[in-house]
Number of protein chains: 2
Amino acid sequence: MKPATALPAQKKTRANDISDSQLRGLFGYNLKRSFSALQVDLLRVLDRFDLRMVPFSTLVMIVENPGLRQSQLADALAIERPNLVVVLDTLERRELITRDRVPTDRRAYALRATLAGHQLCEKAYRAVQAHEARYLNRLSTAEREALSSALNKIRTTFEEAGE
Amino acid sequence: MKPATALPAQKKTRANDISDSQLRGLFGYNLKRSFSALQVDLLRVLDRFDLRMVPFSTLVMIVENPGLRQSQLADALAIERPNLVVVLDTLERRELITRDRVPTDRRAYALRATLAGHQLCEKAYRAVQAHEARYLNRLSTAEREALSSALNKIRTTFEEAGE
DNA sequence: TATTGTTATACTCTATAACTATA
DNA sequence: TATAGTTATAGAGTATAACAATA
């Protein structure tokens, strides 16, 4: 179909011809670079609400699961309990969540979002959806589904294999 | 319709019905979780060669681009120059690369891999490919292409937008 | 004056051991 | 003895300012 000799239309990416075809051949490398680039933008969006990725995820999970315990939350978010504590401390100090003792188990706390927490979560979530639309709009429906499916397969390949 | 007596319930890990459909609705969250899970396995693979992700990428790039300068390399890998210095220090101390003065510009160093560097790179790269095959085998050709295309679109959406 | 490589530093994210108070 | 939450800490990864040598 294409003549092999007649395509000088190389992407004039950077100054000297530095090739990274070896690294580009690794999906893991592309995944890292894509996520890093995405994260820069996402962090800027969340910064408007004084949130970072883990506090945002934490708030969303508490709103969706009122009464959740810290250990359940840490497990669901795949973060360590000690790291969650400081996140919850900050969210509680900002009066976005409450920690209530569980009557049936006085070791545990039931996590709930305050009214302010619900409102901030709603606004931040919509902003994140707008951020996502920036690149999702460039993907076809088939591509989105393939991406979603592929990400889930990658995740389960390694997560369920007993880390 | 099973008798409730026989089975001691499911695994304790999925104990109460905690939903994360809100977060799962965000591609960025799935991307992060997938990459994190993949990274755990990848780091274990690289650890056999006493390499981390950045040193591995660095070595691959130097092997593919002999004579590369540090600033070019940092740019290609999207890492900061100061952080690259310590990576190169370690690779040089292990005698995997050399730093030679550029005659035409005595400020710069030309980076080259030693024989040992080439050999380690070759072995590590093959091990990483085997790691990749673990999840790529579960993806159809269409899924791989969609994943690759989608990752590139995500990357260019944010990388070219002037970070 | 600008650029290359460098040093020092700081901030985020993540991981682990060990403690307390309950169960 | 085991579990929920906590404290303290250490290790990576990443980001910026400022410097010396060179262009």
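Below, chains carry the letters A, B, ... as their sequence lines are ordered, and counting in each starts from 1.
Atoms CG (B/L68) and P (C/dT4) sit 12 Å apart, rounded to a whole Å. Note: CZ (B/R69) to P (C/dG5) measures 7 Å, nearest angstrom. Rounded to whole Å, the distance from CG on A/L88 to P on D/dG5 is 9 Å. Between the CD1 atom of B/I97 and the C1' atom of C/dG5 there is a distance of 13 Å, given to the nearest Å. Here D/dG13 presents its P atom at 13 Å from CG of B/L77, a figure rounded to the nearest Å. Rounded to whole angstrom, the span from the CZ atom of B/R81 across to the P atom of D/dC19 amounts to 18 Å. One can place CD1 of A/I79 at 13 Å from P of D/dT6, the figure rounded to the nearest angstrom. Taking atom CG of residue A/N83 and atom P of nucleotide D/dA12, one finds them 16 Å apart after rounding to whole Å.
For the pair A/L77 and B/L23, the minimum side-chain heavy-atom distance is below 4.5 Å. In this structure, A/R33 and B/L151 have side chains that are not in contact, with every pair of non-hydrogen atoms separated by 4.5 Å or more.
Among C/dT16, D/dG5, C/dG5, the nucleotide with an atom closest to any side-chain atom of A/Q70 is D/dG5.
Counting only N and O atoms by type, the side chains of B/S148 and A/N30 include no donor and acceptor under 3.5 Å apart.
Looking at B/D105 and B/R69, a side-chain N of the basic residue comes within less than 4.0 Å of a carboxylate O on the acidic one, giving a salt bridge.
OP1 and OP2 of D/dT3 both lie 4.0 Å or more from every side-chain N or O belonging to A/S71. Proximity of A/K32 to the phosphate of D/dT14: a side-chain N or O atom is located under 4.0 Å from OP1 or OP2.
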task = Please step through side-chain hydrogen bond (donor to acceptor under 3.5 Å, both in side chains) for the pair A/R138 and B/T157, ending with a clear verdict.
result = CA-CA 9 Å; A/R138 299 178 61 184; B/T157 297; 2.7 Å; yes
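Counting non-hydrogen atoms of other residues, nucleotides and ligands closer than 6.0 Å to CD of A/E95 gives a total of 12 or fewer.
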Pairs under 3.5 angstrom, nitrogen or oxygen only, protein versus nucleotides 18-23 of chain C, please.
unit_1: C/dA23; atom_1: OP1; unit_2: A/R106; atom_2: N; d: 2.7

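Residue order along DNA chain D, read from the 5' end via each residue's closest nucleotide, puts A/V86 first among A/V86 and B/A78. Comparing A/A110 and B/Q39 by the nucleotide of DNA chain D that holds the closest heavy atom to each, the one mapping nearer the 5' end is A/A110.
Residue pairs that meet the salt bridge (Lys or Arg N to Asp or Glu O under 4.0 Å) test with at least one member in residues 142-156 of chain A, sequence neighbours left out, are A/E143-B/K153, A/K153-B/E143, A/R155-A/E159.
Sorted by residue number, the list of members of residues 45-59 of chain A with any non-hydrogen atom under 4.0 Å from DNA chain D is empty.
A ring-centre distance under 6.0 Å is found for B/F158 and A/H131.
Applying side-chain contact (heavy atoms from CB on, under 4.5 Å) to A/V63 and the options A/R112, A/H118, A/E122 leaves one that passes, A/H118.
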